[in-house]
Amino acid sequence: MKVFCPRAPRLNRCGLFWMAIVTLSTLLLGHYYTAEDRRVTVTSGSSSLQQGALRLGSKILFKQAATVSTNQENVHRREKVPNPLEAGRTNITHEKPVSLCINSLKTKLKKDSHYGSLFNLDVPVLMWDTHLKSWDRLQKWSPPYGWKDLSQSVVSSTLKLLNQSANSWMFDAKPQAGCLRCSVVGNGGILNGSRQGKAIDAHDFVFRLNGAVTEGFEEDVGTKTSFYGFTVNTMKNSLIGYQVYGFKKVPQSKELRYIFIPSDLRDYLMLKSAILGVEVPEGNDAGDMPQSYFGPEASAHKFKILHPDFIKYLTDRFLKSNLLKSQFANLYMPSTGALMLLTALHTCDQVSAYGFITDNYRDFSDHYYEPVKKPLQFYANHDMLLESVLWKSLHQRGLLWLYQR
């Protein structure tokens, strides 16, 4: 563009004109980059050993599994899910790096006609102090889906201790670039002789659960543990039942984080005592010192607890078993492995599942650390065959990678 300037006084008029152009451009660019910078700062949004479980005959469960459609059309897709914002999530903010994972689960779900409507990545995965506001609503459902018949003072005093950002975020630090890759390691016999240890440990984070034996099986299951998931019941039963196989203590390390599944009041009592570093004051675990399980460095930042809304959402949308229509309805809940795998699917960019039930489960022992093959046992409080249908479906659609052989 040509600009006409009279000869006298040419320098002053043209100089003022171009100074105005430069100033205006600087202001516009500054506004643009300030807006872009604001986008980076976001508000955080994000065994069969159960007590009282009754063993069922395999024929009963086989017949039940046959009624489950592989595309799970009987799932309540449109069930109303509580809004996580009601819990005051805006109280905690983080500098969250922008994900550069172009092949993330979230991206794939946008293109998936079936699971895209089932997954709700806004449901709160973890629970902390601000969720006490939901007491009146959650006391309508029994654990693990709510707080019915639980002591309000115990629940309240426990959650008040979960007031750090570490209690509301699954990961203390997310990789600055690329995809956040997680492996979830079940305890299925399929891992015996698998030589998947290096592949498991190569992930950014590794989830393990219950009787997570690693010593002597490093080549098959690896050694890295980022998260250990459990109910107090499954943890203690694993320490008793699998001690002979090498599970002599719960995994411990400075970096490791513990994920409680709130299946009973004892989970809240153990969690509270672990944070305070005192004996469990009452209940089945009275007199226990949590440090013996979680180590001397246990403090609030090491513990997380799944939100009852999250467990209910997972059950209603993904694992709504026919057991809920049977005499065992009050016992049923997704297995610890299922809850950990679905937790990873709702928090990681990419997920690999190892040691979970597959179509040929009869070819393998119940657990990978058993020297003599034992058949997989089915119990009334879990629907393992329904879970196997879900894992297979998610694998076929590319939403997770399931180890099979």
(message) What I want to check is whether the side chains of K272 and S157 have a donor and an acceptor closer together than 3.5 Å.
(response) yes
(request) Write down the atom of G246, the atom of V213, and the distance for their closest heavy-atom approach. (result) C-CG2, 4.1 Å
(message) Is the ring pair Y115/F318 parallel, tilted or perpendicular, if the boundaries are 30 and 60 degrees?
(response) parallel
(message) Could you measure the distance from the CZ atom of F207 to the OG1 atom of T347? Nearest 0.5 Å is fine.
(response) 4.5 Å
(request) Would you mind checking if D112 and K108 are paired as a salt bridge, meaning a charged N to carboxylate O distance below 4.0 Å? (result) no
(request) Taking all heavy atoms of T158 and all of Y268, pick out the closest pair and write down the distance. (result) OG1-O, 3.2 Å
(request) Of all the heavy-atom pairs spanning R181 and A202, show the shortest one and how long it is. (result) NH1-O, 3.5 Å
(message) Please find the pair of heavy atoms, one from L132 and one from V155, that lie closest to each other, and give the distance.
(response) CD2-O, 4.3 Å
(request) Dump the intermediate steps for ring-ring contact (aromatic ring centres under 6.0 Å, His included) on Y369 and Y242, then the final yes or no. (result) CA-CA 9 Å; Y369 36 76; Y242 304 140; 5.5 Å; yes
(message) Please give me the minimum heavy-atom distance between D285 and R266, naming the atom from each residue.
(response) OD1-NH2, 2.7 Å
(request) Specify whether W128 and H131 have parallel, tilted or perpendicular ring planes, treating 30° as the upper limit for parallel and 60° as the lower limit for perpendicular. (result) perpendicular
(request) Keeping the roles fixed (side chain from D288, backbone from E279), state whether a donor-acceptor pair exists under 3.5 Å. (result) no
